[in-house]
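What follows is one structure encoded as structure tokens, with my remarks underneath.
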Amino acid sequence: MNKAHAITHTAMLFAVAVVLSFMEGLLPPLPYLPPGFKLGLSNIATMYALFFLDKGKAFAIAVLKAFFVFITRGVTSGILSLSGGIASLCVMLLAAALFGDKISYLMLSIIGAIFHNLGQLAVLTLIMQSGYALWYTPVLLTAGVIMGSVTGTLLRIVMPAFDRISGGTK
Amino acid sequence: MGGRSFASKTDIFVSLAVILLAAAVYMLFSRSTGGSYAEIYNGNTVIKRVSLSADQTFTVDGYDNVVFEVKDGAAAFKQSDCPDKICVRTGYIKNNGQSAVCLPNRLTLRIVSGNDGADTYTG
């Protein structure tokens, strides 16, 4: 794959990520769900890049996503998006390296979602300079398992579409 | 792509284990009895402290658009001018150590036991 192809490809996946997160914003907020229970649909694009393309593209998309959040929703949200995205990717890479093919895509997705939440919580704790938010860890763990399963399953469903974007060059 | 499967039976057990662990930790946290004071922090400085025994709504200096409420021994962010309203959605909290956070305004509402006898102070 030449350089222009690689750049265009990353850009298209990034566009998919932005559209997914926009669509998620259109969904009516679910009642009775505590904050932190976010679907994280745009992670589908990052996970696709990580699992089937290469880690460079996945990190590029995570950074671009955070930059997009930064210009649309402000500094704090941008930093949180970046910390969650990077933590999630690093831990998914680590888990894949440790367990090889024995770990399923679904489990990787769940681990990614959990550490997306935990990474954000860690940075939030730093910003607030207090440990009180750590009280929230159990809620975020549960959210990670549920939302990670949902996004992992959705990735499985929309994969043919992603493969079409990739033009069979994966 | 390799021999990695999409999902495996192990996933169910690991997921359940994580949720059980989360539930256990959560119960451990909330087993502590109801708190008696609500403290408002700006960053890590206490700027206001009110008793949970009297129902009231109040604001803190410099944040006229953030309204707190104490009702039935629990406290909450009632209104806030922040964009995401995560603080308001956290709802009423009443147990020791629980907190609600408004990141854009850098305000934290925290429940503490407090036994120094002071009803209210602002500093």
Side-chain angles (χ1 to χ4, degrees), chain A residues 29-38 51-53 72-77 79-80 96 99-111 114 120-121 123-125 127-146 148-149 152-153 155-157 159 170, chain B residues 1-30 32 39-46 77 82-93 95-112:
Chain A
L30 292 167
Y32 308 117
L33 277 191
F37 269 79
K38 269 194 69 195
F51 297 162
F52 304 110
L53 305 173
T72 51
R73 285 192 286 153
V75 187
T76 333
S77 304
I79 294 173
L80 285 178
F99 299 104
D101 279 348
K102 271 182 288 189
I103 188 162
S104 70
Y105 289 118
L106 191 69
M107 200 69 238
L108 284 174
S109 167
I110 291 174
I111 291 176
I114 289 177
Q120 290 190 329
L121 187 71
V123 170
L124 194 130
T125 305
I127 296 177
M128 299 297 290
Q129 297 200 321
S130 78
Y132 313 139
L134 292 178
W135 169 83
Y136 217 57
T137 318
V139 177
L140 293 180
L141 278 176
T142 314
V145 172
I146 297 172
S149 313
T153 310
L155 171 65
R156 179 89 182 94
I157 296 170
M159 263 194 39
K170 61 165 185 165
Chain B
M1 261 305 275
R4 176 171 296 152
S5 56
F6 168 68
S8 71
K9 251 183 244 168
T10 331
D11 297 352
I12 302 169
F13 297 118
V14 177
S15 305
L16 281 178
V18 173
I19 291 178
L20 280 178
L21 177 82
V25 175
Y26 190 84
M27 288 205 283
L28 208 70
F29 274 125
S30 50
S32 49
E39 286 181 342
I40 312 299
Y41 288 74
N42 182 353
N44 57 353
T45 325
V46 182
F77 278 87
C82 59
D84 49 23
K85 305 275 187 271
I86 284 173
C87 50
V88 178
R89 282 180 54 204
T90 305
Y92 287 87
I93 54 174
N95 292 323
N96 280 339
Q98 277 188 315
S99 59
V101 178
C102 182
L103 200 57
N105 286 316
R106 301 217 164 187
L107 290 175
T108 305
L109 164 66
R110 191 182 179 222
I111 307 299
V112 294

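The structure displayed is predicted, hence computed values, not measured ones. Letters A, B, ... are given to chains in the order of the sequence lines, protein chains preceding strands, and every chain is numbered from 1.
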I need the minimum non-hydrogen distance between [X] and [Y], along with the two atoms involved.
X: B:Phe6; Y: A:Thr153; value: CZ-CA, 3.8 Å
X: A:Ser104; Y: B:Ala7; value: CB-CA, 3.6 Å
X: A:Ile103; Y: B:Arg4; value: O-NE, 3.0 Å

Quiz prompt | Region of B:Ile93 that comes under 4.5 Å of a non-hydrogen atom in chain A | solution =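 It is neither, since no heavy atom gets under 4.5 Å.
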
Self-check item: Top contributor to chain B interface from A:Leu106, A:Val75, A:Ile146, A:Leu155 [non-hydrogen pairs under 4.5 Å]
Solution: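 Heavy-atom pair counts peak at A:Leu106.
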
Practice problem: May I ask you to name which of A:Ile110, A:Val145, A:Thr142 has the most heavy-atom pairs under 4.5 Å with chain B? | Solution: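 Most heavy-atom pairs within the cutoff with chain B belong to A:Val145.
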
Quiz item: Side chains of B:Val14 and A:Met107: closer than 4.5 Å at any heavy-atom pair?
Solution: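 The answer is yes, as the side chains (C-beta and beyond) meet within the 4.5 Å cut-off.
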
Quiz item: Does A:Leu141 reach the side chain of B:Val25, with side-chain heavy atoms less than 4.5 Å apart?
Solution: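 A:Leu141 vs B:Val25: side chains apart.
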
Self-check item: Atom pair OG1 (B:Thr10) and CZ (A:Phe99), whose distance is rounded to the nearest 0.5 Å
Solution: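 These two atoms lie 10.5 Å from each other.
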
